[in-house]
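Everything below concerns the one structure shown next.
By convention in this document, chain letters (A, B, ...) are assigned in the order of the sequence lines, proteins followed by strands, and residues within each chain are numbered from 1.
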Protein chains: 2
Amino acid sequence: MERSSTTPGGSARREATRQKLYEAAVTLIAEQGFSATTVDEIAERAGVAKGTVYYNFASKSVLFEELLRHGVGLLTASLRDAAEKTAREGGSRVDALDAMIRAGLVFIDRYPAFTQLYVAELWRTNRAWQSTLMVVRQQAVAVVEGVLREGVANSELSEEIDVPLTAAALVGMVLVAALDWKSFQPERSLDDVHAALSRLLQGRVSGHR
Amino acid sequence: MERSSTTPGGSARREATRQKLYEAAVTLIAEQGFSATTVDEIAERAGVAKGTVYYNFASKSVLFEELLRHGVGLLTASLRDAAEKTAREGGSRVDALDAMIRAGLVFIDRYPAFTQLYVAELWRTNRAWQSTLMVVRQQAVAVVEGVLREGVANSELSEEIDVPLTAAALVGMVLVAALDWKSFQPERSLDDVHAALSRLLQGRVSGHR
DNA sequence: GTTTTTGTACTGACCAGTCAGTTCAGAAGA
DNA sequence: TCTTCTGAACTGACTGGTCAGTACAAAAAC
């Protein structure tokens, strides 16, 4: 009997196989892109037969879509956690943003391939999984937007800021800086990178003022 | 007689054909990715025969590499212009950064497909044109780094900033915000977007201080 | 008369998806 | 405990289609 959808229930064995396939697919697709990655490669890297891929997923693109959902789920949860923890501990909204920057960096540090793949596919148009991507993007950005809005509401942040645009810009700042970090100067520490971005967030770039 | 390398010289007619091919390729690859775009499609969209593609470029990936070089050349020139113009008019380095943000937005506004494609390919590893990308990326980021360094040198900017990382973060901020603008709220004006990013750059996000 | 483009046809490699058959893990019976 | 049975999970050779790149003769363009 086949399943092949977003099935939470499933034997332990099956779940393990799916996990192996996710891991194989994420690195290969990050390196080469979706179309340049063959199902045979994914199966080989995961150490299973090609048929197993199709036993577990309806198609190559379904595998990819579920991979996306899975990964962004992790990211969103981690951002939300960071924001809530800050709030619980009585931090300001700017502190929450800062904590989210760090959470983003930690995520990218742990799952660089996923991040790479996400960025590469996010702005493509005319692709099968377009709608999935939109949903999934909105989930992540919405967390940032939420904190910005709260900050504006309690006038901790200027009410002139453009919430959606600023949220996108912040996400972009972290994303690109982190990918650069991983690609071009991987020896640096997370704290280092975090400090640099924090400074930018809090406008401590200019010398005086 | 064949040519098919980075040939600056070439008849006007040939140059026109190449231009048509660039334009066709850039939109198709931005939408679908490199591997999912066929040479037949590119030829058809450009309104030329398939043989013409191979008369003008050695292969599909050579066409793509030259496209990259061509596009980033335009961007780099435009950033440099903005920085120099500001300097000539006696603006500060922060003004120069602001002008470069605007130049970046103008570029993305004019060549959204190229930008999309560039972002999608930049962090891929294991691809044929990897080295081309590295060179080309460095060209663009170097312009921003240059201005930051000058700012630090004349202590207009804090000497604690991390130049390469901050440059990457700024580029990312503009890139992602602009792609979001184009993809999700294209009705907004360039000035609007510029104002939001400018505010972020100058730390005018917090309400007080 | 030389360069560039056209159009069509072709080849050979590659690849997503299929399917008939095999293995496995654990339940039911002895 | 050991055997048999069952359905879920997995296998890998195979198929049909797609596509990069080639070939080339004839026509435009310069």
Side-chain angles (χ1 to χ4, degrees), chain A residues 1-26 28-29 31-67 121 126-129, chain B residues 1-26 28-29 31-67 121 126-129:
Chain A
M1 183 53 59
E2 200 169 322
R3 290 290 213 48
S4 76
S5 56
T6 320
T7 337
S11 72
R13 188 174 170 211
R14 207 170 172 191
E15 208 43 59
T17 307
R18 279 164 166 257
Q19 194 60 40
K20 279 194 290 182
L21 285 170
Y22 282 152
E23 275 157 30
V26 78
L28 286 168
I29 297 179
E31 282 170 6
Q32 306 175 324
F34 175 81
S35 308
T37 301
T38 68
V39 174
D40 290 273
E41 278 177 310
I42 296 174
E44 194 192 346
R45 167 92 55 121
V48 302
K50 188 178 189 176
T52 304
V53 177
Y54 285 92
Y55 182 75
N56 282 282
F57 298 95
S59 69
K60 186 185 171 187
S61 32
V62 168
L63 163 56
F64 181 59
E65 276 187 70
E66 296 200 12
L67 181 58
E121 297 295 338
N126 294 353
R127 302 222 84 170
W129 50 81
Chain B
M1 185 51 61
E2 201 169 321
R3 290 286 214 51
S4 77
S5 57
T6 321
T7 337
S11 71
R13 187 167 164 226
R14 213 175 165 185
E15 209 42 60
T17 307
R18 280 166 165 254
Q19 193 59 41
K20 278 195 290 183
L21 285 169
Y22 282 152
E23 275 158 29
V26 79
L28 286 168
I29 297 179
E31 281 171 7
Q32 307 176 324
F34 175 81
S35 309
T37 301
T38 69
V39 175
D40 291 275
E41 276 178 313
I42 296 174
E44 194 192 346
R45 164 96 53 125
V48 303
K50 188 178 185 178
T52 305
V53 176
Y54 285 92
Y55 184 75
N56 283 281
F57 298 95
S59 69
K60 185 186 170 187
S61 31
V62 167
L63 162 58
F64 182 59
E65 274 188 70
E66 297 199 12
L67 178 59
E121 295 296 337
N126 294 352
R127 301 223 83 170
W129 50 80

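A search for side chain to side chain donor-acceptor pair (under 3.5 Å) contacts involving B:Glu23 returns B:Gln19, not counting sequence neighbours. Judged as a side chain to side chain donor-acceptor pair (under 3.5 Å), and not counting sequence neighbours, A:Lys20 has no contacts. Every residue meeting the salt bridge (Lys or Arg N to Asp or Glu O under 4.0 Å) condition with B:Lys50, not counting sequence neighbours, appears here in chain and number order: B:Asp40. For A:Glu31, the salt bridge (Lys or Arg N to Asp or Glu O under 4.0 Å) criterion is met by no residue, not counting sequence neighbours. Checked against side chain to side chain contact (heavy atoms under 4.5 Å, CB included), A:Glu65 has the following partners two or more places apart in sequence or in another chain: A:Arg69, A:Trp129, A:Thr132. With sequence neighbours left out, B:Thr37 forms a side chain to side chain donor-acceptor pair (under 3.5 Å) with B:Gln32.
At whole-Å resolution of the value, CZ in B:Phe57 and C1' in C:dT5 are 14 Å apart. We find that CD of B:Glu15 is positioned 19 Å from P of D:dA29, with the value rounded to whole Å. Taking atom CZ on A:Arg14 and atom P on D:dG7, their separation rounds to 17 Å, with Å as the unit. Regarding B:Glu44, its CD atom lies at a distance of 15 Å from the C1' atom of D:dC19, rounded to whole Å. Atom CD of A:Gln32 is separated from atom C1' of C:dC14 by 14 Å (rounded to the nearest Å).
At least one side-chain nitrogen or oxygen of A:Asn56 sits closer than 4.0 Å to the OP1 or OP2 atom of D:dC10. Considering only side-chain N and O atoms, A:Thr52 lies nowhere under 4.0 angstrom from the phosphate OP1 or OP2 of D:dA9. Side-chain nitrogen and oxygen atoms of B:Arg13 include none within less than 4.0 Å of the OP1 or OP2 phosphate oxygen of C:dT4. Not one side-chain nitrogen or oxygen of A:Tyr55 sits closer than 4.0 Å to the OP1 or OP2 atom of D:dC10.
A salt bridge (charged side-chain N to carboxylate O under 4.0 Å, His left out) check over residues 53-64 of chain B, counting only residues at least two apart or in different chains, returns nothing.
Expressed to the nearest 0.5 Å, how far CG of A:Leu21 lies from OH of A:Tyr55 amounts to 13.5 Å.
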Considering only nitrogen or oxygen atoms on both sides, find all protein atoms under 3.5 Å from nucleotides 16-19 of chain C and state each distance.
| residue | atom | partner | partner atom | Å |
| --- | --- | --- | --- | --- |
| C:dA16 | OP1 | A:Lys60 | NZ | 3.2 |
| C:dA16 | OP2 | A:Val39 | N | 3.0 |
| C:dA16 | N7 | A:Lys50 | NZ | 2.8 |
| C:dG17 | OP2 | A:Tyr54 | OH | 3.0 |
| C:dG17 | OP2 | A:Lys60 | N | 3.2 |
| C:dG17 | N7 | A:Lys50 | NZ | 3.0 |
| C:dG17 | O6 | A:Lys50 | NZ | 2.9 |

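Residue A:Val53 is classed as having no contact, given no heavy-atom separation below 4.0 Å to the nucleic acid.
Remark on the helix from C:dG1-D:dC30 to C:dA30-D:dT1: inter-end axis angle 20°, axes from five-pair C1' superpositions, rounded to 10°.
Aromatic rings of A:Tyr22 and A:Phe57 (six-membered ring for Trp) have centroids within the 6.0 Å cut-off, being under it.
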